[in-house]
**Q** 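The structure's right below; bear with me while I get my questions together.
Letters go in sequence order (proteins before strands), and every chain restarts at 1. Computed from heavy atoms alone, side chains included, the values below leave out hydrogens, waters and symmetry copies. Source: prediction; values computed, not measured.
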Protein chains: 2
Amino acid sequence: MLETKAQRQSDRRAEILDAAERCFARAGFHRASMQDICGEAAMSPGNLYRYFPSKEALIAGICERNRAEAVASFALVDQAPEFFEGLAGLARHHLVDRTQDEVALCSEIMAESRRHPDIARLYQDIEKDIRDRIAGMLKQAAGRDEIRQDLDLDAAASVLMLLGDGMSWRRSVDPSFDAEKVLPLILAMVRGLLAKPDDDAPVRGERS
Amino acid sequence: MLETKAQRQSDRRAEILDAAERCFARAGFHRASMQDICGEAAMSPGNLYRYFPSKEALIAGICERNRAEAVASFALVDQAPEFFEGLAGLARHHLVDRTQDEVALCSEIMAESRRHPDIARLYQDIEKDIRDRIAGMLKQAAGRDEIRQDLDLDAAASVLMLLGDGMSWRRSVDPSFDAEKVLPLILAMVRGLLAKPDDDAPVRGERS
DNA sequence: TTATTGGGAGTGAACGTTCATTCTCATTTT
DNA sequence: AAAATGAGAATGAACGTTCACTCCCAATAA
């Protein structure tokens, strides 16, 4: 009974975040007014404010949800039988399979983090988390001798994040951009960067 | 005499754009108020509006200036004795030498183009211009047999733009990001993507 | 030379609007 | 009855923009 109450609260919060996501993806943080979000969530402002204390809290809530999702997705790499295959799966999941709205929202968060100090902190926290996971992933691969040993893991992690940002950004800004078409080139490039020099052979192939 | 008048007008406009750039880079388009810009330009609102009809016109003006600068920078590649050297120079010029403010401003324009339809048109126009130039650059290199022939030039251009976006974005969002350190890896990757298979040898070297 | 005129440069208070947030009150649940 | 949930009008601050006005200086008229 007291279980259900907390559950209801949590559900309502999730609904509100869903509505906010739609509004933000459509119009951006600044142009999406609380009234819009209230409309989308079929709820009055007064009531909405009982669930989230501010607009910023909505953004933070969305960030947290995304973070949980992003972190979970790293399991893909661990489960894969071979490093590059796992990496390819991760890349596809993050950069191709996401909907346009999800990508747009991601850009929106990135852009907003440049402005709102609190969001910036939250975002950089998430970034650090992801970065650590990438670094860990690379380290593990190096330990298994699946990638070259003479690699600046830190710089390599930067490159991977940079590629992710670039893909996301291009998708959200250029409607004609075809992620599906570009991904193989990206993966080939990354393989060239990370793979051990002697098994460069399948460098152009997307799958073994 | 009538020459000087137009000149003065133009100078004043440039000063205003400089001030606006500083404000936008610092606070973003939405949080930089016209009052802020007026303060930065040491000018009253009424007077500023004699030079630019709206806030949006300021953004457009900045876009145009950047476009001119970006387009001009492609001469770097044409002048270089060898393709990859020119490309490296271009990359350095665009991605490392730029000040933090310039990069931030660039991100701001990209983000804003997702919202303001007029800015979006202008931005996509510029993007198309740059993209064409990259494609032309690649085509010329292919003609000179400096890069591999079996290359999807369109996709390759996308990859290059994506890398540029990623670098800009990372710089503007992550203060600890070291573009200088990452650039060699990026260039090596790009070389791996574009170079003819038989001269892969200096793939790890930054300069011949 | 001095006085008059004209117009562009510049000012800053004021306006109308939008927006996040709060207040008050009604309805439902416990 | 008391508490939780909900609605929606009200509030006040911030913003882009406008407007009535002043200042300055060059050209003309006296």
**Q** Answer yes or no: does a side-chain N or O of B:Arg8 lie under 4.0 Å from OP1 or OP2 of C:dG8?
**A**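 Answer is no, no contact under 4.0 Å.
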**Q** For C:dT11, does OP1 or OP2 lie under 4.0 Å from any side-chain N or O of B:Ser44?
**A**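 Yes, because at least one side-chain N or O of B:Ser44 sits under 4.0 Å from OP1 or OP2 of C:dT11.
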**Q** Take the angle between the ring planes of B:His30 and A:His30 and call it parallel below 30°, perpendicular above 60°, tilted in between.
**A**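 Because their plane-to-plane angle is under 30°, the rings of B:His30 and A:His30 count as parallel.
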**Q** Using a cut-off of 6.0 Å, state whether more than 12 heavy atoms not belonging to B:Lys181 lie near its atom NZ.
**A**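 Above 12, so yes.
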**Q** What is the nucleic acid contact for B:Tyr51, judged by heavy atoms within less than 4.0 Å: base, sugar-phosphate only, or nothing?
**A**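 Since only primed, P, OP1 and OP2 atoms lie under 4.0 Å of B:Tyr51, the category is sugar-phosphate.
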**Q** Could A:Asp118 and A:Arg121 be called an ion pair, given the rule that one side-chain N must be under 4.0 Å from one carboxylate O?
**A**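 Salt bridge between A:Asp118 and A:Arg121, a charged N being under 4.0 Å from a carboxylate O: yes.
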**Q** Which protein N or O atoms sit under 3.5 Å from an N or O of nucleotides 15-19 of chain D?
**A**
unit_1	atom_1	unit_2	atom_2	d
D:dG16	OP1	B:Lys55	NZ	2.3
D:dG16	OP2	B:Met34	N	2.7
D:dT17	OP2	B:Tyr49	OH	2.4
D:dT17	OP2	B:Lys55	N	2.9
D:dT17	O5'	B:Tyr49	OH	3.1

**Q** I need the NE2-C1' distance between A:His116 and C:dA20, as an integer number of Å.
**A**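 Answer to the nearest Å: 12 Å.
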**Q** Whole angstrom is fine here: how far is it from CZ in A:Arg12 over to P in D:dA4?
**A**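 Whole-Å distance recorded here is 17 Å.
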**Q** Please give me the minimum heavy-atom distance between B:Tyr123 and B:Ser113, naming the atom from each residue.
**A**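 Minimum heavy-atom contact is CD2-OG, 3.4 Å.
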**Q** Flag this pair as yes if the NZ/CZ of B:Arg144 is under 6.0 angstrom from the six-membered ring centre of B:Phe83 and inside a 45 degree cone about the axis; otherwise no.
**A**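 Negative - B:Arg144 is either too far from the ring of B:Phe83 or too far off its axis.
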**Q** Whole angstroms only, please: what is the CG-C1' distance between A:Leu48 and C:dA20?
**A**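 For the pair A:Leu48 CG and C:dA20 C1', the rounded distance is 11 Å.
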**Q** Roughly how many Å is it from CE in B:Met43 to P in D:dT22, rounded to a whole number?
**A**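 So the two atoms are 21 Å apart, to the nearest Å.
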**Q** Quick check for you: to the nearest 0.5 Å, what is the distance between A:Leu138 atom CG and A:Leu194 atom CG?
**A**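 Interatomic distance, A:Leu138 CG to A:Leu194 CG, rounded to 0.5 Å: 6.0 Å.
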**Q** Students often get this wrong, so: under 4.0 angstrom with heavy atoms, is B:Arg50 touching a base, only sugar-phosphate, or nothing?
**A**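 The answer is base, as B:Arg50 lies within the cut-off (heavy atoms under 4.0 Å) of a base atom.
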